[in-house]
Protein chains: 2
Amino acid sequence: MYQRKIPIDYECGLSVAMEVVGSKWKFCILDEVSKGIKRPKDLVNAINGITKRVLQKQLRELELHGLLEKTIYTEVPLRVEYHLTASGRSLLPLVSAVDQWGMGFSSQLKTILETEE
Amino acid sequence: MYQRKIPIDYECGLSVAMEVVGSKWKFCILDEVSKGIKRPKDLVNAINGITKRVLQKQLRELELHGLLEKTIYTEVPLRVEYHLTASGRSLLPLVSAVDQWGMGFSSQLKTILETEE
DNA sequence: ATGAATGGTGATAAAATTATCACTAAGGGA
DNA sequence: TCCCTTAGTGATAATTTTATCACCATTCAT
């Protein structure tokens with residue numbers, strides 16, 4: 001998320017986790033991939049608001065961090081698929097827990113933000 | 001985290017959660033408060049790398065979002081304490097799950113980042 | 001009156017993330 | 001050859017988050 005000048009504290013789980021999945025789209029991407037959406041093109045369509053370029057960068061980071069793996073099929077047209085690694089799968093319970101917490105908190109947040117204005 | 005121009009999607013739990021806790025220090029702060037560190041001054045000391053100003057802003061947001069409540073004791077010197085609301089407490093299992101996942105992933109991330117260079 | 005301790009804010013700079021746009025590459029078909 | 005589809009990248013702008021620094025307020029003790 002935000003962790004370059006102040007280096008990662010490998011002793012702090014929160015610091016490590018933030019480094020790896022603390023950005024706007026990571027959880028969404030992992031979620032969609034786990035649901036079977038694996039091609040970049042399909043992910044762009046599935047994730048509301050993301051652009052091709054940003055998705056590409058996030059996929060690259062998830063791949064570098066070892067949460068996703070890429071497979072290239074030499075078909076026509078070219079087909080590329082991303083799938084979860086074991087580490088990626090180990091994150092799924094967290095993704096769904098965060099998602100569920102957010103759903104439960106949604107109405108409260110809505111109320112708060114609408115009252116503010 | 002990054003959600004002003006593209007408005008929050010209240011139907012998406014991940015979007016809601018990111019809005020509320022998707023920033024560098026929120027989880028750390030909730031974690032420390034849950035451990036009994038409640039005063040701004042003590043939080044600054046407890047959280048490695050955070051500054052007074054940034055902490056203040058994060059506390060204000062957590063308060064606005066209804067995860068923390070503030071109590072002012074008119075003592076000398078002035079004492080202010082933040083404590084978790086019910087919503088804040090409902091987040092604790094998540095905080096600890098993220099922390100534990102991060103701890104488990106720490107060595108892998110370390111290896112990956114050191115190999116890259 | 002002065003200073004120490006605590007909590008807080010405003011202005012601005014710095015850093016990081018995300019968005020936009022144009023571009024390349026490979027393969028195949030008309 | 002020209003175009004289509006899919007995947008990917010480079011350069012740069014826009015946006016947001018974090019960091020830094022100086023400052024104010026309150027209360028009490030000296």
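Per chain, numbering begins at 1; letters A, B, ... match sequence-line order.
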Q: Starting at atom NZ of A:Lys24, determine the distance to atom C1' of C:dA19, rounded to an integer number of angstrom.
A: 9 Å
**Q.** Closest-nucleotide 5' rank along DNA chain D - winner of A:Glu81 and A:Arg53
**A.** A:Glu81
Q: Find the distance B:Ile47:CD1 to D:dA19:C1' and express it as a whole number of Å.
A: 15 Å
Q | Inter-axis angle, terminal five-pair segments of the helix from C:dA1-D:dT30 to C:dA30-D:dT1 [nearest 10°] | A | 30°
Q | B:His65 to A:Gln108 - nearest heavy-atom pair and separation | A | O-NE2, 3.7 Å
Q) For the pair made of CG in A:Leu59 and P in D:dT6, what is the distance, rounded to whole Å? A) 16 Å
Q | Atom-to-atom span, CD of B:Gln56 to P of C:dA11 - whole angstrom | A | 17 Å
Q) Is there a path of hydrophobic side-chain contacts, each under 4.5 Å between heavy atoms of I, L, V, M, F, W or Y residues, that connects A:Leu68 with A:Ile72? A) yes
Q | Any B:Tyr82 side-chain N or O less than 4.0 Å from OP1/OP2 of C:dG8 | A | yes
Q) Nearest-Å distance, CG (A:Leu55) to P (D:dT9)? A) 12 Å
Q) Contact class for A:Lys70 vs. all strands (heavy atom < 4.0 Å): base, sugar-phosphate, or nothing? A) sugar-phosphate
Q. Within a radius of less than 6.0 Å around CD of B:Glu75, do more than 12 heavy atoms belonging to other residues, nucleotides or ligands occur?
A. yes
Q.
Between B:Glu61 and B:Lys26, does any side-chain N to carboxylate O distance fall below 4.0 Å?
A. yes
Q | B:Arg79 CZ - D:dT26 C1' separation (whole Å) | A | 16 Å
(Q) With a cut-off of less than 4.0 Å, is there a side-chain N or O of B:Gln58 near OP1 or OP2 of D:dT18? (A) yes
Q | Working for salt bridge (Lys or Arg N to Asp or Glu O under 4.0 Å), residues A:Asp31 and A:Lys35 | A | CA-CA 6 Å; A:Asp31 193 37; A:Lys35 289 177 185 165; 3.2 Å; yes
Q. Near DNA chain D, which residues from residues 35-44 of chain B have a heavy atom under 4.0 Å away?
A. none
(Q) I want to check one thing: is the phosphate of C:dG8, taken as OP1 and OP2, less than 4.0 Å away from some side-chain N or O of B:Lys57? (A) no
Q: Using the rule that two of Ile, Leu, Val, Met, Phe, Trp, Tyr join whenever any of their side-chain heavy atoms come within less than 4.5 Å, decide whether B:Leu91 and A:Met103 are in one cluster.
A: no
Q.
To check you understand the geometry: which heavy-atom pair defines the closest contact between B:Ser34 and B:Leu92, and what is its length?
A. CB-CD2, 3.6 Å
Q: Tell me what B:Tyr73 touches on the nucleic acid: a base, only sugar-phosphate, or nothing, going by heavy atoms under 4.0 Å.
A: nothing
**Q.** B:Tyr10 six-ring face occupied by A:Lys110 cation (under 6.0 Å, within 45°)
**A.** yes
Q: Could you check which of C:dT18, C:dT20, C:dG7 has an atom nearest any side-chain atom of B:Val80?
A: C:dG7
(Q) Hydrophobic clusters here meaning ILVMFWY residues chained together by side-chain heavy-atom distances under 4.5 Å, can you tell me if A:Tyr73 and A:Ile37 are in one? (A) no
Q | Atom-to-atom span, CG of A:Leu62 to P of D:dG8 - whole angstrom | A | 13 Å
Q) Which atoms form the tightest heavy-atom contact between A:Met18 and B:Ser23, and what is the distance? A) SD-O, 4.1 Å
Q: Please report the shortest heavy-atom distance between A:Phe105 and B:Val20, naming the atom on each side.
A: CE2-CG2, 3.7 Å
Give me the distances for all protein-to-nucleotides 23-30 of chain C N/O pairs that come in under 3.5 Å?
none

Q: Looking only at non-hydrogen atoms, find the nearest pair between A:Leu84 and A:Arg89 and report the distance.
A: O-NH1, 3.2 Å
Q. To the nearest angstrom, how far is A:Glu61 atom CD from C:dA16 atom C1'?
A. 11 Å
